[in-house]
Amino acid sequence: MSLGLFFFLAVLAALSALGVIAQRNPVHCLLALAVNLLDIGVMFVGLGAVTVGFLQIIIYVGAIMVLFLFVIWLLNLQAEGFSGYLGLKLFGAIGAAALAAEFATLFLHTSRISTPGASALTQGTITTLGRHLFSDYLVAFEITSLLLLAAVVGAIGLARRPPLSAGLSAAAGSDLATAESPRQMSRSMSVSAEQQTTTPRAGSA
Amino acid sequence: MTPLNLTTIDFSWLAILPLIALSVGAIVVMLAGTRVDDEDSAALGFIVLVALLAAFLLTMFELGQNTAAFRGSLAVDDYAVFFEVIIIIATALTVAMSLEYAADAGLAGAEYYALVAFAALGMLLMAAAGDLIIIFLGLETMSIAVYALAGFIRRDAKSNEAAIKYFLLGAFSTGFLLYGIALLYGATGSVRLTAIHASIAARTAVNPLLLLGLGMLLIGFGFKVAAVPFHMWTPDAYEGAPTPITAFMAVAVKLAAFAGFLRIFFTSLDPLATEWSPVLWALAVLSMTAGNVIALVQSNIKRMLAYSAIAHAGYALVGMAAANGREAGGAVLYYLLAYAFTSLGAFGVVVALDRGAESHAQIDDYRGLARDHPGLAAAMAVCLLSLTGVPPLAGFVAKFYVFAAALNAGFTGLVIIAVLNSVVSAYYYVGVIVAMYMREGGVAVESMSRRPGLLISIAVGVAGVIALGIYPQPYMGAAVNAFASALGRPALHAVSMLP
Amino acid sequence: MPLTLLIFVPLLGAAAVLLQSEERSVWISAFIFSLIPLGWSLYLLAVFDPHASGYQFVEHFPWIPQFGISYHLGIDGISLFLILLTTILISLSLLYSGGGDIESRPREFCFLMLLLESALLGTFLALDLFLFYVFWEAMLVPMYFLIGIWGHGRKIYATFKFVLFTMLGSLLMLIAIIYVARAARGSLGYVTFDLPELYKIRLSATEARWLFAGFAIAFAIKVPLWPLHTWLPDAHTEAPTAGSVLLAGVMLKAGAYGFIRFAIPLFPAVAVEAIPVFMALGVIGIIYGALVAMVQPDLKRLIAYSSVSHLGFVTLGIFAFDTQGLEGAIYQMLNHGVSTGALFLLVGMLYLRRHTREIIEFGGLWSSVPIYASVFMVMMLSSIGLPGLNGFVGEFLILLGTYFSRKVAVYGAVTGLILGALYMMWAYERVMWGPLTKAANVTIADLDKREIAVMLPLVGLVLFMGLYPRPLLNRMQPSIDALLVRVKDAQAEVQREQVVASSGFLPESAGATVTADVRGSK
Amino acid sequence: MLIELVIGAIKAIVIVLLVLGLSGVLLWFERKGAALIQDRIGANRAAVFGWGRRLGLPNLGLVNTLLADPLKLFTKEDFVPDGADHFLHGLAPFLALFPILIAFAVVPVGDTLRVAQRNVNLQAAHVDVAALYLLAVIGIGVYGLALGGWASNNRWSLLGGIRASAQMISYELALGLAFLAVVVTYGTLDLQEICRLQGGVWFGWLPRWGILVQPVSFLLLLTAGMAESKRVPFDVPEAESELVAGYFTEYSGGKQAVFMITDFAEVVLVAVLVTLFFFGGWQVPWLYADGFHFPGPHGVFLPLPNYVVAILQIVAFWLKTVFFCCFQILVRWTLPRFRYDQLMQFGWKGLLPVGVLNLILTAFVVVIAGAHY
Amino acid sequence: MTPISYFLVLSALLFAIGVLGVLIRRNVIVMLMSIELMLNAVNLAFIALGRQVGSIDGQVIVFFVITVAAAEAAVGLGIVIAVFRNRATVNADELNLLRW
């Protein structure tokens with residue numbers, strides 16, 4: 001990757017990262033994050049990690065961020081005033097700056113990190129990646145599937161509509177839940193239309 | 001382009017059969033869950049128990065193998081078996097505790113038990129990990145399942161809050177852990193533990209990347225094992241979570257985290273022991289002191305046990321810090337074993353006081369427990385005394401072992417601090433005993449005869465506490481051998497454990 | 001397995017008691033199970049070889065061999081009588097407590113008493129440091145429950161204080177124990193917790209000082225030595241009668257026993273160095289205890305402080321480091337066990353009748369309860385040290401032993417003795433003599449049969465030990481002499497080093513070599 | 001170097017113009033198609049000053065729609081509702097259109113063209129992980145609609161946006177699975193390569209088009225693709241009867257035009273994908289690089305120069321594309337709209353399992369066969 | 001060509017910004033986003049270092065990290081929703097039932 005392109009992307013990444021933590025409106029934060037992720041994905045491609053770069057865009061930007069977007073909408077989050085403890089913020093800012101500075105100094109002064117010779121290995125084509133996934137990292141790869149399954153089960157366990165026996169009032173109150181039947185669907189639609197904050201989110205992710 | 005040949009993959013059934021057993025169990029639970037009401041979810045618990053039993057038996061086949069599988073990404077050694085066995089037992093006891101709890105509290109049974117099984121699966125991976133990625137994935141599988149479980153009482157604001165706090169800080173720490181892994185990878189060029197060890201050992205000058213990575217790993221694991229100052233999530237998560245899950249978090253999760261922690265630091269990063277040992281020293285002192293002192297003022301027993309868990313992590317860290325002479329690792333393993341049984345017993349009693357999802361965990365709720373339920377009170381007393389370190393219970397022998405190891409390494413100051421902390425801890429443990437035996441007027445407890453699962457898990461916990469205290473020799477031997485196997489050394493059968 | 005039996009019969013009894021449901025059968029079975037060790041210890045006394053200085057009835061099995069920890073039991077002349085004292089007092093306490101002193105939860109009470117017996121016996125029998133520590137700590141737990149559940153007044157405060165104090169001391173001792181065991185590797189080539197083996201190891205002076213301090217603090221808290229005694233009055237006062245009896249009668253002795261068995265023989269040189277400190281603490285304890293006892297309005301508290309005073313004598317005797325002093329110390333331990341135990345029982349009986357222990361509430365009891373008053377008098381006189389009773393023998397021997405080495409201490413001790421007579425007499429006068437001013441005191445009952453049965457053996461012991469101490473002293477002497485040999489060697493060595501160092505005849509390092517050779521030759 | 005850039009620019013511009021043009025034509029065709037199916041004339045007043053009719057020709061509705069519609073839209077007031085997020089409201093349409101347009105960058109419209117000793121690959125950008133690239137840009141496409149709905153500060157818009165993004169994400173899975181089956185079959189992510197592999201014949205006469213090996217995948221891709229483009233029967237995000245116009249209710253003027261173009265560009269994209277994966281892309285039956293061989297390599301040979309072959313390929317490609325565009329529009333006027341929950345059920349419980357099974361079966365066959373296509 | 005250390009510096013910067021975000025923001029969703037930012041920075045470090053050491057392991061790891069991030073986000077957002085249902089807030093400072 002050429003130096004010019006790097007600096008362009010780096011500045012964009014830094015700005016968008018600052019945008020994530022500095023903007024008041026969560027949607028704007030989210031957009032900044034999406035830009036950041038996209039930017040880093042492009043950087044991956046520039047570093048030879050083509051497959052992973054695209055995966056980053058597909059999964060992060062295309063799916064995870066949209067999931068965030070849904071939740072922000074679902075909870076009808078508005079721009080927030082800056083609250084909290086100034087001291088904490090100051091402390092956090094100083095600490096983070098120190099962290100970054102320390103790392104930066106070390107990275108820049110470590111002789112080992114220099115310009116690399118790009119070997120064929122580092123070209124992240126889908127073939128090389130696949131070969132590693134299915135040999136050295138076979139267990140890890142298989143575990144990932146279980147990890148995702150666990151996450152799905154966990155999310156459902158947390159968010160699924162309580163059983164009817166738990167009281168209809170609770171069920172009706174939680175209009176955010178998955179609509180499972182047309183009847184429930186219409187009810188939750190009507191509620192959400194009134195509140196504008198909500199949506200049936202059947203299988204949204 | 002020739003396709004990948006399946007026969008060239010280093011495929012070893014032995015290493016993954018327990019994992020397969022658990023995942024099959026989890027899937028069967030989910031399938032069966034569609035036909036079972038939440039009120040009858042105990043049946044699903046039994047499925048998990050069967051899966052755990054299968055995993056246990058399959059684990060036993062790995063004993064004494066001391067090989068690596070899947071190109072070194074899984075270790076099949078006694079160390080793994082040691083932790084796997086404890087984790088499986090801890091999970092089984094958690095499930096047994098939950099049999100009645102989950103149904104009474106109206107938790108979503110299928111998801112609950114499936115998540116427990118998934119979490120256990122992640123823990124087994126951490127115990128058997130041969131590279132950093134497996135540790136990371138195991139950790140995440142476990143954590144993600146437990147995040148959800150912590151918030152499983154959906155209508156309870158406290159449970160929600162516990163989950164969100166646990167989740168946020170857990171994910172936060174994952175970031176640090178990963179950065180550490182990245183730097184370690186950059187410094188050594190590999191994520192395999194053996195390769196990392198070789199790379200570090202071969203180098204004379206210390207790479208700053210390596211030190212940064214080490215620091216980040218310490219922060220990450222510090223969070224996971226709840227060492228001060230990375231402990232902020234612990235009390236909140238423990239208090240709000242459903243009580244059996246609190247037990248699960250306090251025992252199995254902590255054990256798995258330590259399994260990974262010890263494995264990385266003793267098999268890969270041991271050439272850097274002079275760098276990390278002082279840090280662990282400081283963490284140990286902070287954890288013990290802060291944990292014990294803050295526990296003094298707690299009025300909620302789950303919270304108190306959370307702080308006590310922090311303190312106990314500190315004691316385990318004493319052993320780790322002392323492990324310049326690497327045999328001391330056996331002490332940490334034994335400590336964790338003893339802590340596991342003790343904590344399970346104690347939390348079992350806490351579960352017994354719950355009514356459905358409603359928690360009666362104020363220490364005042366325990367007043368007069370000895371009069372109505374002498375058995376429960378006695379079990380609690382035994383466990384608390386063991387946590388205090390009163391002989392001849394497990395906690396004492398464990399503390400003895402750790403202190404011996406630390407003294408042996410010349411950490412006299414650290415041991416004195418630890419001992420003073422033990423005295424402080426006696427104060428709050430004894431406070432609960434006082435409430436149970438010497439005061440009147442707590443809450444009414446449901447009959448235990450209705451809750452055989454809970455009864456059994458408490459009994460197993462207490463039995464473990466006593467057995468480990470009175471006849472520790474075989475378990476100590478197992479711990480030492482397990483540790484030796486992780487280091488790739490022959491088992492130390494008749495050799496003295498205190499060099 | 002004669003000694004294992006001694007430890008495990010009470011445990012078995014404890015389990016058996018838990019199975020009983022009826023209150024009466026609980027008391028009976030507990031009492032029977034306490035009689036078995038009593039009988040057994042009497043048998044051991046009979047077959048004990050009075051001339052042997054070593055350990056008898058030794059049992060030695062590996063326990064945690066990786067650590068060099070073994071299950072090692074044995075009796076010598078020192079522990080023999082403490083065991084007897086324990087078994088006797090436990091049986092009598094159980095007999096007494098069954099008579100109405102313990103109203104609630106008798107089953108748990110008996111269970112804990114038997115547990116306590118097992119732990120106490122184990123403490124006196126153990127010849128392995130680890131094993132000793134296990135029993136040492138284990139005796140804390142039942143005692144804690146005894147005070148906490150069946151105690152009076154500020155019992156919870158008292159239990160906390162008791163537990164925290166003792167725990168602090170014993171955990172420091174644990175560190176010292178581990179350190180010593182590890183140090184064995186340097187001298188012996190292997191790690192061991194076995195006491196006879198550890199007698200052989202060599203430590204640097206600094207190490208020895210720290211380790212001695214570790215042991216000494218634990219034992220000093222238990223004894224208790226001034227200024228570490230503050231837990232004792234509270235614990236004694238708030239404990240139920242049986243608890244006080246065992247606390248004063250046996251547990252305090254465990255501390256003194258620890259000095260004699262562990263701290264001193266393991267680190268004789270340091271012990272010799274520390275003589276002035278302990279002498280001073282002992283004398284302060286004697287006088288302080290007596291003075292504070294004098295102003296106590298509560299009878300039980302008075303007796304508790306008298307314990308501080310008496311145990312000061314014991315310390316004095318131990319650190320006299322000669323035959324008479326040590327014999328006296330051990331004898332005084334037994335005396336104190338018998339007479340103070342009896343006094344606590346008597347106060348308990350009074351409390352049962354009047355539900356108060358304030359001295360001011362009584363007066364003129366002599367006329368309403370004559371038997372009680374006479375027994376009380378015997379015990380009081382024994383406690384004061386009236387010639388002809390047991391207290392005299394012990395105190396006399398201690399003073400005799402101390403007189404040879406530290407005359408100053410003797411003056412202090414004698415002062416304490418006089419003060420002791422003073423507060424005891426004065427208290428007795430206020431309680432027993434004078435007019436019967438309080439109506440409630442007129443109608444109280446005298447000792448019943450059970451109470452007489454409890455007190456009779458104690459009175460017998462007081463008389464026997466006062467009149468015929470020979471058989472006891474005989475059996476102690478070989479063990480004491482063996483201990484003294486170690487101390488004298490160390491003493492000589494310390495002096496030699498001082499001479500060498502001060503004369504400047506040899507450079508210090510060379511001097512050290514010489515002394516090492518001297519020691520090696522023994 | 002420079003010449004490469006110039007060639008690249010030319011290819012890009014041509015393709016974008018073609019797509020935009022085709023979108024415009026589709027707008028007109030949709031109206032006509034609607035009329036045809038509903039048995040009316042349709043768009044019958046669209047004429048340039050009535051010239052066509054006066055000259056006895058069919059009216060110039062196409063020209064009219066291509067010119068007048070955009071002209072009208074772009075000259076209308078650009079209205080931004082009160083309380084809307086101005087920046088995002090303005091950004092959203094372009095955020096929607098842009099990813100669709102850049103998706104065409106990797107679409108091969110023909111094989112190699114030899115011009116002046118230079119081999120020109122008839123593909124704007126040769127990316128060897130093109131399939132991934134497509135998935136990535138389609139994924140990004142969600143933002144435009146979602147943010148457009150949100151930024152309008154209108155509940156109908158928001159609901160439309162939510163529906164749109166939920167629908168797109170859901171059907172992206174089926175789309176991805178269809179992609180994967182194809183990729184596994186051909187063993188490459190390179191679209192040009194996939195097209196090339198579809199050349200030649202089976203049994204001596206049958207063109208080796210993907211539809212014959214991956215029929216299930218074809219159905220999946222077509223269905224999911226239509227859902228991605230939010231067209232009837234999957235048009236719940238802009239269901240007029242429920243949500244006015246869904247996420248672009250509050251859009252007018254040029255921004256609305258951009259949204260509309262996006263819609264049709266998506267139709268084109270789906271058609272292109274179907275063509276590429278299952279109908280040989282630019283392959284003309286029996287046409288090889290050197291000319292026709294009928295019915296197979298050993299049959300009758302009709303030699304053709306390279307540029308003719310290239311032109312034939314390009315034409316074939318666009319013909320196929322247009323065919324599938326028309327097909328989609330026909331479907332639009334044939335099927336009723338799904339209800340939202342049915343839509344989700346269909347995606348998650350219908351397409352997804354089928355896609356997974358198809359993928360597993362494909363992988364199985366590939367492994368058994370021991371090699372790729 | 002850009003030196004690898006530049007990428008590492010950028011990754012450290014992004015990581016620090018993410019940490020800062022977690023510390024100063026009180027909206028749990030934004031905190032979650034900051035955590036994603038941290039993971040993203042880690043990914044960048046992995047890729048850069050992977051190129052540095054000349055192995056593809058770094059990219060494989062990033063593949064796993066992305067997956068894990070997805071799973072974490074799913075569960076995390078599920079928890080956020082559950083919290084919101086009961087408490088109608090996502091402000092970390094208002095989640096104060098559990099303290100000390």
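Residue numbering restarts at 1 for every chain, and letters A, B, ... go by the order of the sequence lines. For clarity, every value in this text was computed on a predicted model and none was experimentally measured.
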| task | Measure up the Phe6(A) and Tyr6(E) rings against each other and bin them: parallel (under 30°), tilted (30 to 60°), perpendicular (over 60°). | result | tilted
| query | What part of Phe7(A) is in contact with chain E, defined as an atom under 4.5 angstrom from a non-hydrogen atom: side chain, backbone, both or neither? | reply | side chain
| query | Are the side chains of Phe64(E) and Tyr137(A) in touch, meaning some heavy atoms are under 4.5 Å apart? | reply | yes
| note | In this structure, CZ of Phe84(E) is separated from CG of Leu74(A) (nearest 0.5 Å) by 8.5 Å
| Nearest-0.5 Å distance, CZ of residue Phe7(E) to CG of residue Leu47(A) | 4.0 Å
| remark: Interatomic distance, CD1@Ile59(A) vs CD1@Ile66(E), rounded to 0.5 Å, equals 5.5 Å
| Note, Ser34(E) side chain near Leu33(A) side chain (heavy atom, < 4.5 Å) | no
| message | I need the minimum non-hydrogen distance between Ala49(A) and Ile47(E), along with the two atoms involved. | response | CB-CD1, 3.6 Å
| request: Applying salt bridge (Lys or Arg N to Asp or Glu O under 4.0 Å), name anything that partners Asp57(E), two or more places apart in sequence or on another chain. | output: none
| task | Using non-hydrogen atoms and a 4.5 Å limit, figure out which bit of Leu30(A) sits close to chain E: side chain, backbone, both or neither. | result | both
| So, for Val75(E) and Ala151(A), which heavy atoms are closest and what is the spacing to 0.1 Å? | CG2-O, 3.5 Å
| message | Counting heavy-atom pairs closer than 4.5 Å to chain A, which one of Gly76(E), Ala70(E), Ala82(E) comes out on top? | response | Ala70(E)
| message | Is there a side-chain contact between Thr51(A) and Gln59(E) in this structure, where contact means two heavy atoms from C-beta onward sitting under 4.5 Å apart? | response | no
| message | As an exercise: rank Val19(E), Ile79(E), Val65(E) by heavy-atom pairs under 4.5 Å with chain A and give me the winner. | response | Ile79(E)
| message | To check you understand the geometry: which heavy-atom pair defines the closest contact between Leu44(E) and Phe44(A), and what is its length? | response | CA-CE1, 3.7 Å
| request: Pick one of side chain, backbone, both or neither for Glu36(E), based on which atoms fall under 4.5 Å of a heavy atom in chain A. | output: both
| note | chain E shares the most heavy-atom pairs under 4.5 Å, among Ala150(A), Gly157(A), Ala140(A), with Ala140(A)
| In Å, rounded to the nearest 0.5 Å, how long is the span from CZ of Phe68(A) to CG of Leu32(E)? | 4.0 Å
| message | Below 4.5 Å, heavy-atom pairs only: which of Val152(A), Val20(A), Asn36(A) has the largest tally toward chain E? | response | Asn36(A)
| note | Max heavy-atom pairs within cutoff under 4.5 Å with chain E, candidates Gly41(A), Gly53(A), Ala32(A), Cys29(A), goes to Cys29(A)
| remark: Separation between CE (Met33(E)) and CG (Leu37(A)), nearest 0.5 Å, reads 10.5 Å
| said: Just so I understand: if I count every heavy-atom pair under 4.5 Å between each of Val62(E), Ile29(E), Ile61(E), Leu13(E) and chain A, which residue has the most? | reply: Ile29(E)
| query | Got Ile21(A) and Ile17(E) here, is their nearest side-chain heavy-atom distance under 4.5 Å? | reply | yes
| task | Could you tell me which non-hydrogen atom of Arg24(A) sits nearest to which non-hydrogen atom of Arg25(E), and how far apart they are? | result | O-NH2, 4.0 Å
| field | Pick from Leu77(E), Asn43(E), Thr67(E) with the largest number of heavy-atom pairs that fall under 4.5 Å of chain A | value | Leu77(E)
| Who are the ring-ring contact (aromatic ring centres under 6.0 Å, His included) partners of Phe15(E), not counting sequence neighbours? | Phe176(B), Tyr179(B)
| query | When rounded to the nearest 0.5 angstrom, what is the spacing between CZ in Arg131(A) and CD1 in Ile56(E)? | reply | 11.0 Å
| field | Most chain E-contacting option - heavy-atom pairs closer than 4.5 Å, from Val153(A), Asp136(A), Leu148(A) | value | Leu148(A)
| Taking every heavy-atom pair that is under 4.5 Å apart, which of Leu37(E), Val22(E), Val80(E) has the most such pairs with chain A? | Leu37(E)
| query | For Val68(E), is it the side chain, the backbone, both, or neither that has a heavy atom closer than 4.5 Å to a heavy atom of chain A? | reply | both
| Leu14(E) versus Ile40(A), closest heavy-atom pair with distance | CD1-CD1, 3.6 Å
| task | Of all the heavy-atom pairs spanning Ala155(A) and Ala74(E), show the shortest one and how long it is. | result | CB-O, 4.1 Å
